[in-house]
Amino acid sequence: GAGVSQSPSNKVTEKGKDVELRCDPISGHTALYWYRQSLGQGLEFLIYFQGNSAPDKSGLPSDRFSAERTGGSVSTLTIQRTQQEDSAVYLCASRRSPEGSNEQYFGPGTRLTVT
Amino acid sequence: QKEVEQDPGPLSVPEGAIVSLNCTYSNSAFQYFMWYRQYSRKGPELLMYTYSSGNKEDGRFTAQVDKSSKYISLFIRDSQPSDSATYLCAMSFTGTASKLTFGTGTRLQVTL
């Protein structure tokens with residue numbers, strides 16, 4: 001079946017603009033995660049969704065970052081008033097359920113460049 | 001100090017060699033251990049998954065977890081040029097959120 005998909009694959013934006021990044025998890029996977037991968041920081045957790053709820057937002061770096069999930073499927077990560085330090089690859093992962101095995105499957109990522 | 005330490009490499013080996021990749025960690029509460037492979041400009045691909053201590057083998061890949069030493073390893077036998085990638089270790093607690101904590105990744109180059 002289809003894996004995790006993300007769009008756009010690349011996004012270049014000017015400092016101060018808002019951006020939206022989209023994630024489509026594997027069908028039937030109820031748990032969804034956003035991570036960020038940057039040269040200096042490696043791969044870091046941002047937020048976790050179970051269904052449409054986000055019980056763990058502890059990794060969001062500032063209040064400029066927000067995310068939502070609708071219909072227990074698609075998720076959108078929004079970054080407002082982008083800054084150059086937001087440049088990174090944003091990765092989405094899904095997991096079959098919040099119980100048992102913690103196998104997380106990643107999408108290809110969105111490469112964000114803030115100029 | 002990072003929770004998970006991983007030598008960034010690069011590690012260069014000839015085709016056919018046995019490769020050993022390692023991570024150490026500081027939090028003894030980690031229970032799930034994974035290895036991901038990431039090709040340039042691609043997302044991480046789950047290679048091996050282990051719960052708690054022990055060994056797991058899948059084809060040319062063997063994952064080992066030693067919780068007493070807080071040390072995990074990935075062995076690749078008969079390495080191929082197609083194995084050239086960055087290998088990331090990751091681990092998590094049990095529980096419903098279970099976010100992954102990653103090492104920085106080791107870049108592997110298998111040469112002909």
Side-chain angles (χ1 to χ4, degrees), chain A residues 2-7 9-10 21 23-26 29-51 53-60 88-113, chain B residues 1-10 21 23-27 29-52 54 56 58 61 63 65 72 85-107:
Chain A
V4 178
S5 61
Q6 292 186 244
S7 62
S9 55
N10 285 282
L21 313 179
C23 171
D24 278 275
I26 294 171
H29 280 199
T30 62
L32 185 148
Y33 302 77
W34 283 96
Y35 293 86
R36 178 168 74 173
Q37 188 172 31
S38 56
L39 276 174
Q41 301 299 321
L43 224 160
E44 300 177 300
F45 166 79
L46 295 177
I47 186 169
Y48 158 68
F49 284 94
Q50 176 49 40
S53 300
D56 189 352
K57 306 178 185 179
S58 62
L60 294 178
V89 177
Y90 289 83
L91 292 157
C92 175
S94 72
R95 174 186 173 194
R96 183 174 300 279
S97 83
E99 309 298 332
S101 165
N102 192 20
E103 293 166 84
Q104 297 184 22
Y105 298 91
F106 282 81
T110 294
R111 183 174 296 271
L112 175 66
T113 304
Chain B
Q1 185 186 3
K2 287 180 178 287
E3 276 192 292
V4 180
E5 299 280 356
Q6 185 175 9
D7 188 332
L21 304 167
C23 288
T24 58
Y25 61 96
S26 56
N27 195 328
F30 285 131
Q31 292 284 357
Y32 293 110
F33 302 91
M34 298 122 214
W35 286 94
Y36 285 85
R37 176 174 64 193
Q38 187 173 28
Y39 292 113
S40 182
R41 292 188 170 259
K42 302 289 186 183
E45 172 193 6
L46 182 61
L47 270 182
M48 300 290 284
Y49 170 85
T50 312
Y51 172 68
S52 195
K56 186 173 184 179
D58 184 1
F61 298 91
V65 175
I72 70 170
T86 296
Y87 290 79
L88 298 151
C89 65
M91 47 200 78
S92 75
F93 310 121
T94 56
T96 54
S98 300
K99 63 186 179 187
L100 297 179
T101 300
F102 283 86
T104 50
T106 299
R107 190 152 59 91

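Residue numbers start from 1 in every chain, and the chains themselves are labelled A, B, ... in the order their sequence lines are given, proteins ahead of strands.
For B:S98, the parts lying under 4.5 angstrom from a heavy atom of chain A are both the backbone and the side chain. Using a 4.5 Å cut-off between heavy atoms, A:F49 makes no contact with chain B at all. In this structure, no portion of A:Q50 lies under 4.5 Å from any heavy atom of chain B. With a 4.5 angstrom heavy-atom cutoff, A:Q37 touches chain B only via side-chain atoms. Both the backbone and the side chain of A:L43 have a heavy atom closer than 4.5 Å to some heavy atom of chain B. Residue contact with chain A, scored on non-hydrogen atoms closer than 4.5 Å, involves the side chain of B:Q38 exclusively.
Minimum heavy-atom separation, B:P44 to A:G107: CD-O, 4.5 Å.
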*Please step through side chain to side chain contact (heavy atoms under 4.5 Å, CB included) for the pair A:N102 and B:L100, ending with a clear verdict.*
CA-CA 9 Å; A:N102 192 20; B:L100 297 179; 3.7 Å; yes
*Please step through side chain to side chain contact (heavy atoms under 4.5 Å, CB included) for the pair A:F45 and B:T101, ending with a clear verdict.*
CA-CA 7 Å; A:F45 166 79; B:T101 300; over 6 Å; no
*asked:* I'd like to know whether B:S92 forms a side chain to side chain contact (heavy atoms under 4.5 Å, CB included) with A:Q104, so could you lay out the CA-CA distance, the side-chain angles of the two residues, the decisive distance to 0.1 Å, and finally the verdict.
replied: CA-CA 11 Å; B:S92 75; A:Q104 297 184 22; 5.9 Å; no
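Interatomic distance, OH of B:Y36 versus CZ of A:F106, reported as 5.0 Å (0.5 Å rounding).
At a threshold of 4.5 Å between non-hydrogen side-chain atoms, the residues B:K99 and A:S58 count as touching.
When each of B:Y32, B:Y49, B:Y51 is tested with A:S101 by the rule side chain to side chain contact (heavy atoms under 4.5 Å, CB included), just one qualifies, namely B:Y49.
Taking A:G109, A:P108, A:G42, A:A93 one by one and counting their heavy-atom pairs under 4.5 Å with chain B, the maximum is reached by A:P108.
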